[in-house]
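For reference, the structure is listed below as structure tokens.
Quick caveat, the model's predicted, so the values are computed rather than measured.
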Amino acid sequence: MRTTSNLTKSQIKDWWSDKRYLYNMGLILSGIITFILYVIVGANFIMPYDEEFEITLFTIVFQGIGYLIMIVFANLFYSLGVTEDLNHNKENTDDFRKIYSILAFGFQFHYHF
């Protein structure tokens with residue numbers, strides 16, 4: 001049974017804003033884990049067979065800058081959650097918000113792994 005939450009537009013925006021910190025921590029953590037796995041796989045399975053594969057300070061900085069840009073894009077898409085909530089959550093339910101935020105969070109992890 002779905003119950004309405006009776007949140008105002010301002011409260012809906014605050015709900016999404018409150019979850020942004022956790023979302024960004026997930027982005028940072030998944031980026032770090034992904035890079036560690038990249039180094040492990042690269043050093044053990046690619047480097048012995050491909051002499052051109054290398055991990056240098058330049059490649060680390062380049063990938064880091066690229067990842068920061070992707071975090072900005074991810075946050076732009078996260079902001080669409082407010083729009084989707086306001087436009088498509090006709091019953092104003094917390095279930096909609098929770099499911100939509102979990103899907104957004106899961107999508108960002110799927111993107112890395």
Would you call the rings of Tyr38 and Phe35 parallel, tilted or perpendicular, where under 30° means parallel and over 60° means perpendicular?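 Taking Phe35 first and then Tyr38, their aromatic rings sit tilted (interplane angle of 30° to 60°).
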
What are the two closest heavy atoms between Tyr67 and Ser30, and how far apart are they?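 Shortest heavy-atom contact: OH-OG, 3.6 Å.
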
Between Pro48 and Ala43, what is the shortest heavy-atom contact and its length? CD-O, 3.5 Å

Find out whether [X] and [Y] are in side-chain contact, i.e. whether some heavy atom of one side chain is under 4.5 Å from a heavy atom of the other.
{"X": "Leu29", "Y": "Met25", "answer": "no"}
{"X": "Asp94", "Y": "Leu7", "answer": "yes"}
{"X": "Tyr100", "Y": "Trp16", "answer": "yes"}
{"X": "Phe62", "Y": "Thr59", "answer": "no"}
{"X": "Trp15", "Y": "Ser101", "answer": "yes"}
{"X": "Phe96", "Y": "Ser5", "answer": "no"}
{"X": "Ile36", "Y": "Val39", "answer": "no"}

hydrophobic_cluster_shared for Tyr21 and Ile28, side chain cutoff 4.5 Å: yes

Please confirm whether the backbone N or O of [Y] pairs with a side-chain atom of [X], one donor and one acceptor, at under 3.5 Å?
{"X": "Thr93", "Y": "Asn89", "result": "no"}
{"X": "Gln63", "Y": "Ile60", "result": "no"}
{"X": "Asp50", "Y": "Ile46", "result": "no"}
{"X": "Tyr78", "Y": "Ser17", "result": "no"}

Spatial distance of atom [atom1] ([X]) from atom [atom2] ([Y]) [nearest 0.5 Å]:
{"X": "Leu86", "Y": "Ile12", "atom1": "CG", "atom2": "CD1", "answer": "5.0 Å"}
{"X": "Lys98", "Y": "Lys19", "atom1": "NZ", "atom2": "NZ", "answer": "8.5 Å"}
{"X": "Phe73", "Y": "Leu68", "atom1": "CZ", "atom2": "CG", "answer": "12.5 Å"}
{"X": "Phe77", "Y": "Tyr23", "atom1": "CZ", "atom2": "OH", "answer": "9.5 Å"}
{"X": "Asn75", "Y": "Met70", "atom1": "CG", "atom2": "CE", "answer": "11.5 Å"}
{"X": "Leu37", "Y": "Ile32", "atom1": "CG", "atom2": "CD1", "answer": "12.0 Å"}

All side chain to side chain contact (heavy atoms under 4.5 Å, CB included) counterparts of Glu54, not counting sequence neighbours: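 Side chain to side chain contact (heavy atoms under 4.5 Å, CB included) list for Glu54, sorted by chain: Thr56.
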
Do Asn6 and Asn92 have side-chain N/O donor and acceptor atoms under 3.5 Å apart?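 Their side chains do not contain a donor-acceptor pair, so the 3.5 Å distance test is not met.
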
Any salt bridge (Lys or Arg N to Asp or Glu O under 4.0 Å) involving residues 66-86? Give me the pairs, sequence neighbours left out, ordered by first then second residue. Asp85-Arg97

